[in-house]
Amino acid sequence: MSTSQDDDPTEEQLSSEEADELVREIEQRRSLRGIAAGVVALVGIAFSVFQLFLASQGFSFGFSLPVVGELSLSLQLLQANAIHVAFALILTFLLFPASTGEGFLSRRLARIVPWLESHLESANPAVRVAAAGRRGVRWTFADPDQDRIAPIDVLLTVIPILFSVYFLTAFTEIRDMRVFGLESGRTLPEMAPLVDSLLGGMPIVGEYSWAMILGVLGILLVLEATRRTLGLPLMILVGVFILYARWGHMIDQGTPLVGVLAINELAWTDIVQNLWYNTENGVFGVPVTVSVQFIYIFILFGSFLEMSGAGQWFIDLAYAATGRRKGGPAKASILASGFMGTISGSSIANTVTTGAFTIPLMKRSGYSPEFAGAVESSASSGGQILPPVMGAAAFLMIQYTATPFADIIIMATIPAVVFFFGVWVMVHLKATQEGIGGVQGADLVPLGPHMKRGWFYLIPIGLLLYYLIIARLSVSRSAWFTLVALAALVTAIAAYSERTRGRLLVSLVGIVGAEFAAYVIGGVGVLGLVTGGGAAGMAAGDALGVVVGKIGWYLIAAGLVTLATRPLTDSPYLELDPAVENATDRFASRLNRQRLADNQFARLGTFLVKSMDEGAKTAVPVVIAVAAAGIIPGVISVTGLGPNLTALIRAVSGGSLVVLLVITAIASIILGMGMPTTVTYIILVSMLATPLVEFGIPLLAAHLFILYFGVIADITPPVAVAAYAASGVAKSDPYQTGIKAFSLSLNKAIVPFAFVLVPGIVLLREKANAADLPLRDRFRVVNPSDLADLTYSVPEILIPVAGVFLGVVALGATVIGTLYTGLSRLERTGFGVSSLLLMAPGLLSTSVFDLLGLVGVTVTVNDLVLDLALRGVGLALFVALAVRNRREAETEPAHGEPEGSPEPA
């Protein structure tokens, strides 16, 4: 195994604290201490608790308090969405500074005092006033060290509380305003007489309804939160759409191309009502609804799974499985990133968390820093396309396409596997080229003992797949049940040891038996029976079904009972995330009770609190992203722009499917640079999905196409956020890391063209009565009978899928410059052509037909026959080149270096 001369072989991996700090720097998030950190944690935990109630009981839920008694709350969708966004806004203003004093405006304002000093004496009152004003402005707005909550942030947190209260207490008025307009709402003086006496004479307060004022402030807050969390470009883009809704009527309809963007004149009240008090479009529209119902609970599930120690266990599992193979560190990085993709849908977090361990090992084994960072960022970006979680955009796809999540998992599996296989092939070929072997034994954990130590981490993922695919429960219920199972698992593992396993079993049997008896006797659990809530008993079979359904809660109870008597149990299998262990140690130090660090109750409590806190912090940028992005489809809806926009896009594409696909791909990459994939997906689906479907592309394939190119943006220079995060870990050149990451992910750019042209690759088939159905309903996910129909499955699924897998091997040879041995330029070109023919021959043939159509030549050919023929040509070319290269490799020891030295990827 070769070793890089440029790297220190003793280089240590990043600690969890250093990795967290790197993520904070990239996200420009505050690092708070003391009371401020406690306040943020309390808000985050409250956010998570609110979402857990929604996931477990829906929008109508109740609970009992010892003194107060029974409390119930029934929310409308708009109210739940408003509270959801309010929590995210509050956390945004607490976590992300308004300014660090280094921005364009801050630097310009900072020149005022020096300018005055250069023209006036320092003792001049104007200079002193300006200096005092500068100090006051910096104290109010700026947070240079990103370690304190500024006064402006405290002030801005009040507004989300105000509009949440309004949504909860005046929903009848909001509902009436949908008919009569915002002008019909009460003004603030009408709602509060005290305000009338104090502020009633102010024009805005007395002239506009409180609903209008809150709507304007709310939209402005979303824009400001977008600037803080996602950057100025997205805020400007969303703001332009809002201004377009107000003044787009000024566009002349007679202007070529742009004239189709002309709209009817709208008043500000109409715009605010549709963007703020609407669950179909706008801030609280479909994207936020999906966040409330699906995205947050899955982020929380990922946080619980990561804090339980599963993240590090999956990384070690990847190294145990592949570490000794050729190029083992890079292959393990691919597997580890795939595993972590089931936990985190964030490319940046996945890159840093996994890369902190994998990148140093790749560098020590001989990979260059740039290549090591590229492998990690490329594989980590694939977490958003890898079932079963797939990141937030997959849940949006459920809502936009009205497709069950199980079908989306089935549809997305093959392309995701192809992508990870393609990166695997490239790192293998790079290892062949550079002579890189496996990981040294000291860095590996034997597979058998490792599986024995943490096999239970696979249970939550298995349960999630069962609930989604087999039981076909809703996404939110599946996530909730899996979350309960995970909590039960961690509690049981914490309570398990050689000394306590008998006690744990007896506790579980006793609790289950008591509950079963209570249901048989009184039809309620033990607690209900004791408090006098029992009624008619249940049949034994029914009681058993109820008890089995609650086994997770009983396991939690049994674990807690066990720990109540053995709180210092030394659990041999519980290895919580370092963040949990560190938090427990800090808590014990503050109380000056070091034994708390070994107390399993304290560790479990910290695990619970830390999981909910980190889940909320992770969710904040996602919630802000979907809230801001929802404004764009809201504007398209309220202005009636949709059909005109479709006509414009078709005109620009010239009626060519290939041109439209290329436009969509480029737009996805450009728009996705530096923005979350969810934002790119929402915006482009709103604008481009309909034109794609009108060209005959299946709806699901069109949405997946947009998602793929949105993900590619994370590793595409010049704003390759995931690649730049990896370069921070690898200490490599950011731009070169991005270039290499993009080259490793080239198959992710070709595969989408392949499956939109041949839907069988994503297991979609045209319905028998497709001609009688709307365009968006003409395709369905295949079923077993489709697979059994060989006349369909072989040419439409088996051959194209095999071609895609062979194609990524040819693509890997093209990019790396090696197969069995080095390739000449001509051979690399040949492999590149064979790759295109094997993966997406329809892209080539359709382009040729479009060009012929421009000169008036029409060609009629059987698409299936042509597709198979071109794939056959690609296969023949691939085999011929591979055989030749294999022979060159076999003769290489006898005849020296092969003709054409390989070039670095």
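This structure is a prediction, so every number in the text was calculated from the model and none was measured.
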With sequence neighbours left out, what residues match F419 under ring pair (Phe, Tyr, Trp, His ring centres under 6.0 Å)? none
For K748 and S381, test the side chains for any donor-to-acceptor distance below 3.5 angstrom and give the result as yes or no. yes
Listed by chain and number, what are the ring pair (Phe, Tyr, Trp, His ring centres under 6.0 Å) partners of Y708, not counting sequence neighbours? F755
Nearest 0.5 Å, what's the CG-CD1 distance between L468 and I408? 11.0 Å
Hits for side chain to side chain contact (heavy atoms under 4.5 Å, CB included) against L560, two or more places apart or cross-chain, chain-then-number order -> T491, I556, F601, L604
Look at the side chain of S497 and the backbone N and O of S571, then say whether any donor-acceptor pair between them is shorter than 3.5 Å. no
side-chain hydrogen bond (donor to acceptor under 3.5 Å, both in side chains) against S378, all qualifying residues, sequence neighbours excluded: S745
Closest non-hydrogen atoms of F284 and A82, given as atom of the first, atom of the second and distance, are CE2-CA, 3.7 Å
Indicate whether any N or O donor in one side chain lies under 3.5 Å from an N or O acceptor in the other, for S48 and Y296. yes
Do any side-chain atoms of residues 286-294 form donor-acceptor pairs under 3.5 angstrom with protein atoms, and if so which ones, sequence neighbours left out?
residue, atom, partner, partner atom, Å
T289, OG1, N81, ND2, 3.0
T289, OG1, G285, O, 3.1
S291, OG, H84, NE2, 2.8

Could you name each residue pair satisfying salt bridge (charged side-chain N to carboxylate O under 4.0 Å, His left out) that touches residues 471-495, not counting sequence neighbours? D407-R472
R503 meets the salt bridge (charged side-chain N to carboxylate O under 4.0 Å, His left out) criterion, sequence neighbours left out, with none
Pairwise salt bridge (charged side-chain N to carboxylate O under 4.0 Å, His left out) hits with a residue in residues 385-399, at least two apart: none
Return the set of residues passing ring pair (Phe, Tyr, Trp, His ring centres under 6.0 Å) with Y519 (not counting sequence neighbours), or none when no residue passes. none
Qualifying residue, where the test is side chain to side chain contact (heavy atoms under 4.5 Å, CB included) with S333 and the options are T358, T322, I315: T358
Determine, using ring centers only, whether F298 and F395 are less than 6.0 Å apart. yes
The complete set of salt bridge (charged side-chain N to carboxylate O under 4.0 Å, His left out) pairs with one or both residues in residues 377-391, sequence neighbours excluded, reads none
Is Q384 close to L707 at the side-chain level, that is, under 4.5 Å between some pair of heavy atoms? no
Would you indicate whether the side-chain heavy atoms of Y319 and H450 approach each other to under 4.5 Å? no
Which residue pairs satisfy the salt bridge (charged side-chain N to carboxylate O under 4.0 Å, His left out) criterion with at least one member in residues 386-406, sequence neighbours excluded? none
Should the pair R780-D786 be classified as a salt bridge under the 4.0 Å nitrogen-to-oxygen rule? yes
Listed partners of F421 passing ring pair (Phe, Tyr, Trp, His ring centres under 6.0 Å), at least two apart: F805
